[in-house]
Amino acid sequence: KKTSYAQTSQVRAIRRKMMDIMSREATTVDLKDLVNKFIPESIGTQIEKECQGIYPLQNVFVRKVKLIKSPKFDPARLLELHGETTNTAAVAPAPAAATEDTGKKV
């Protein structure tokens, strides 16, 4: 037999295991590091290894990622991630326009 399909209980067990692996990986690392794990398919191979007892899987890839809860927005951290440094010292305000009158006073 060339192909075989997993039973429904096996599919549910595989999905449960995948959700456990993905949530564990997402909570332990930063968002930038998580994306770096998705690119070389290290999470796909980990899912493949851990699900071998349930059903023999091959060619496991992460095709789609869904953001369930967005992280808190921190502008300083965003600038830090993009390589820009933040200056915490107060910047002196621009000098006010000169209030000199050029006309004659009467």
Side-chain angles (χ1 to χ4, degrees):
K1 201 172 185 183
K2 210 166 196 179
T3 60
S4 64
Y5 297 98
Q7 294 179 347
T8 308
S9 61
Q10 291 171 324
V11 170
R12 282 186 295 200
I14 290 170
R15 283 191 183 135
R16 189 176 328 112
K17 182 76 79 172
M18 284 172 40
M19 288 294 292
D20 292 341
I21 293 169
M22 297 288 265
S23 61
R24 181 178 65 221
E25 292 294 323
T27 55
T28 57
V29 296
D30 196 16
L31 183 63
K32 188 175 182 180
D33 297 331
L34 184 64
V35 172
N36 289 335
K37 279 189 174 186
F38 284 144
I39 293 171
E41 295 300 330
S42 64
I43 293 181
T45 56
Q46 186 177 359
I47 291 170
E48 190 175 332
K49 286 178 188 173
E50 290 191 28
C51 291
Q52 285 299 318
I54 301 169
Y55 191 81
L57 298 175
Q58 53 185 328
N59 300 330
V60 178
F61 300 107
V62 177
R63 180 175 61 181
K64 187 183 205 177
V65 178
K66 185 176 182 180
L67 185 66
I68 295 173
K69 184 178 177 185
S70 62
K72 294 178 183 176
F73 180 70
D74 187 13
R77 181 108 191 260
L78 181 67
L79 290 175
E80 177 185 310
L81 287 174
H82 289 290
E84 298 177 15
T85 58
T86 57
N87 189 3
T88 57
V91 178
T99 56
E100 296 177 3
D101 289 334
T102 56
K104 289 184 178 179
K105 294 188 179 188
V106 183

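On a predicted model such as this, the values are computed, not experimentally measured, just so you know. Only heavy atoms go into these numbers, but all of them, side chains included; no hydrogens, no water, no symmetry mates. Sequence positions, counted from 1, serve as the residue numbers for this chain.
Val35 belongs to a hydrophobic cluster whose remaining members, ordered by chain and number, are Ile39; membership requires side-chain heavy atoms of ILVMFWY residues under 4.5 Å apart, directly or through intermediates. Counting Ile, Leu, Val, Met, Phe, Trp and Tyr side chains that sit under 4.5 Å apart, directly or through other members, Leu34 shares a hydrophobic cluster with Ile14, Met18, Ile21, Met22, Val29, Phe38, Ile43, Ile47, Ile54, Tyr55, Leu57, Val60, Val62, Val65.
Sorted by first and then second residue, the salt bridge (Lys or Arg N to Asp or Glu O under 4.0 Å) pairs involving residues 39-68 (not counting sequence neighbours) are Arg24-Glu50. Sorted by first and then second residue, the salt bridge (Lys or Arg N to Asp or Glu O under 4.0 Å) pairs involving residues 4-23 (not counting sequence neighbours) form an empty list.
Residues forming a side chain to side chain donor-acceptor pair (under 3.5 Å) with Gln52 (at least two apart in sequence, or on another chain): none.
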